[in-house]
Amino acid sequence: MKIASWNVNSLNVRLPHLEEWLRLRAPDVVALQETKLEDSRFPDSVLAGLGYRSVFSGQKTYNGVAILSRTPATDVQIGIPGFADEQKRVIAATVDGVRIVDLYVVNGQDIGTEKYDYKLRWLDAVHGWLAQEIQAHPELIVLGDFNIAPDDRDVHDPKVWNDDSILTSTAERAALRRLADLGLHDSFRLHNEEGGHFSWWDYRAAGFRRNLGLRIDFALISDALRPRCVGAVIDREPRSWDRPSDHAPVWVELAPR
DNA sequence: ATGGTTGCAGAGCAA
């Protein structure tokens, strides 16, 4: 079972990329972020033609998340329970007995801004929710664009991306560790300890060509799924295509039960 | 190199 995540940075622009990539990699489940589409405009019939069902929660211009799956998604949850939020950043569902949580974590703009405070409050709410969710659904995978690089191996230049930078600040990394401490393991790091593997490259300054990136997209798997985890991949290929998203898709491969 | 690019929307913000 191949479970993927991709920040497409506008599904309107990236639908051809997604279609091509679905044919190429044939994932079983895909969590999308930054669809930037109202629900009435979601291309569910196009995706159905490729064999995927869709559940989604979007808005115009910003944010927007979706879960695509080959088998039906059940028990769909939109947003963080008990956390009122206009921004469409969270969708969860159960597919083939695995609870899937798709997150588009707040970017945070800069340390000390209102958006940064919102990021930390939002992450705190996610932590409280997931603590419950992992009890209710031991087979849990939490994936998406986390907008946090866990450690120095996950940034191209630790001098630039330091304790005082957005995406790598002490408080952000601590918030990510608190999620890990729930028993949610970074699947990529179960299979690869090297630095220099990134999932996002700035459009500016030829970031991708020079591999000036960050690893900020993950699939976190619970203890119960860990024995089934046989691989984790960052797929750089679509980042090399014409007019790409700034993020690469990532996925985790689970062996059959 | 405090710039650079992309998306949305139609100027300037968010990332």
Side-chain angles (χ1 to χ4, degrees), chain A residues 5-21 31-43 46 56-66 79 85-91 102-123 126 143-150 154-169 171-173 175-176 198-218 234-250:
Chain A
S5 171
W6 196 3
N7 179 325
V8 291
N9 186 17
S10 169
L11 187 50
N12 200 34
V13 175
R14 234 66 71 186
L15 183 58
H17 302 67
L18 178 62
E19 292 180 74
E20 177 66 20
W21 184 78
L32 300 176
Q33 305 88 39
E34 284 206 87
T35 55
K36 301 185 179 180
L37 284 176
E38 290 176 298
D39 290 347
S40 61
R41 297 185 57 219
F42 195 89
V46 174
F56 40 85
S57 174
Q59 64 189 94
K60 204 159 58 170
T61 313
Y62 303 112
N63 308 310
V65 285
D85 195 350
E86 297 295 308
Q87 303 192 16
K88 306 302 188 188
R89 298 179 171 277
V90 176
I91 190 166
D102 177 13
L103 301 180
Y104 175 46
V105 175
V106 178
N107 176 285
Q109 194 168 52
D110 267 312
I111 296 176
T113 63
E114 261 181 48
K115 288 174 184 167
Y116 184 76
D117 292 341
Y118 165 55
K119 182 176 195 172
L120 296 179
R121 282 189 289 107
W122 189 93
L123 285 164
V126 166
L143 73 175
D145 174 0
F146 284 75
N147 268 319
I148 302 170
D154 304 308
V155 306
H156 65 88
D157 185 351
K159 290 190 182 68
V160 172
W161 298 98
N162 58 39
D163 293 351
D164 301 317
S165 309
I166 193 67
L167 312 187
T168 52
S169 72
E172 290 167 88
R173 284 175 161 170
L176 184 59
F198 306 131
S199 66
W200 171 85
W201 301 262
D202 202 313
Y203 285 125
R204 296 167 289 188
F208 183 65
R209 183 177 57 74
R210 302 195 286 158
N211 198 32
L212 305 180
L214 304 178
R215 194 176 68 90
I216 55 177
D217 301 85
F218 323 119
I234 302 173
D235 186 5
R236 295 167 54 101
E237 174 152 339
R239 187 62 176 81
S240 73
W241 295 348
D242 190 48
R243 209 180 178 192
S245 168
D246 45 354
H247 292 255
V250 303

Gap in Å between the two [atom1] atoms, one belonging to [N] and one to [M], rounded:
{"N": "B/dG10", "M": "B/dT5", "atom1": "P", "result": "23 Å"}
{"N": "B/dA14", "M": "B/dA9", "atom1": "C1'", "result": "13 Å"}
{"N": "B/dT6", "M": "B/dA1", "atom1": "P", "result": "23 Å"}
{"N": "B/dG4", "M": "B/dC8", "atom1": "P", "result": "22 Å"}
{"N": "B/dA15", "M": "B/dG3", "atom1": "C1'", "result": "16 Å"}

Within this structure, what is the CG-CD distance for the pair A/Asn63 and A/Glu34, rounded to the nearest 0.5 Å?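 Answer rounded to 0.5 Å: 7.0 Å.
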For B/dA15, take OP1 and OP2 only and decide whether either is under 4.0 Å from a side-chain N or O of A/Gln109. no
Could you list the protein-to-nucleotides 1-4 of chain B atom pairs, N/O on both sides, closer than 3.5 Å?
| unit_1 | atom_1 | unit_2 | atom_2 | d |
| --- | --- | --- | --- | --- |
| B/dG4 | O6 | A/Arg204 | NH1 | 3.4 |

Parallel, tilted or perpendicular: rings of A/Phe198 and A/His156 (30°, 60°): perpendicular
Check the angle between the aromatic planes of A/Phe42 and A/Phe56 and answer parallel, tilted or perpendicular using the 30° and 60° thresholds.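 Judged by the thresholds at 30° and 60°, the geometry between A/Phe42 and A/Phe56 is parallel.
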Interatomic distance where [atom1] belongs to [X] and [atom2] belongs to [N] [whole Å]:
{"X": "A/Glu34", "N": "B/dC13", "atom1": "CD", "atom2": "C1'", "answer": "13 Å"}
{"X": "A/Asn7", "N": "B/dG7", "atom1": "CG", "atom2": "P", "answer": "12 Å"}
{"X": "A/Asn63", "N": "B/dA15", "atom1": "CG", "atom2": "P", "answer": "7 Å"}
{"X": "A/Asn107", "N": "B/dC13", "atom1": "CG", "atom2": "C1'", "answer": "13 Å"}
{"X": "A/Glu172", "N": "B/dA15", "atom1": "CD", "atom2": "C1'", "answer": "14 Å"}
{"X": "A/Ile216", "N": "B/dA15", "atom1": "CD1", "atom2": "P", "answer": "12 Å"}
{"X": "A/Arg14", "N": "B/dT6", "atom1": "CZ", "atom2": "P", "answer": "10 Å"}
{"X": "A/Trp201", "N": "B/dA15", "atom1": "CH2", "atom2": "C1'", "answer": "16 Å"}

Taking every non-hydrogen atom, the tightest pair across A/Ile216 and A/Ala149: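 Looking at all heavy atoms of both residues, the shortest contact is CG2-N, 3.8 Å.
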Strictly under 3.5 Å: I want the nitrogen or oxygen pairs between protein and nucleotides 8-12 of chain B, one per line.
| unit_1 | atom_1 | unit_2 | atom_2 | d |
| --- | --- | --- | --- | --- |
| B/dC8 | OP1 | A/Ser10 | OG | 2.3 |
| B/dC8 | O3' | A/Thr61 | OG1 | 3.3 |
| B/dA9 | OP1 | A/Thr61 | OG1 | 2.9 |

Check the pair A/Asp145 / A/Trp200 against side-chain hydrogen bond (donor to acceptor under 3.5 Å, both in side chains), numbers first and verdict last. CA-CA 9 Å; A/Asp145 174 0; A/Trp200 171 85; over 6 Å; no
Mind checking what makes salt bridge (charged side-chain N to carboxylate O under 4.0 Å, His left out) contact with A/Asp85, not counting sequence neighbours? none
Counting only N and O atoms by type, is there a donor-acceptor contact under 3.5 Å from the side chain of A/Gln33 to the main-chain atoms of A/Ala31?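 Yes; judged by distance alone, with no hydrogens or angles, the pair exists.
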Do A/Lys119 and A/Ile148 have side chains that get closer than 4.5 Å, going by heavy atoms?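 A side-chain contact exists here, since the closest heavy-atom pair is under 4.5 Å.
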Side chain proximity check, A/Leu18 to A/Leu32, heavy atoms < 4.5 angstrom: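 Side chain of A/Leu18 against side chain of A/Leu32, heavy atoms only: contact under 4.5 Å found.
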Result for 5'-nearest mapping on DNA chain B, choosing between A/Asp145 and A/Ala206, is A/Ala206
Is it the case that over 12 heavy atoms from other parts of the model lie below 6.0 angstrom from the CZ atom of A/Arg41?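 Check fails, neighbour count at 12 or below.
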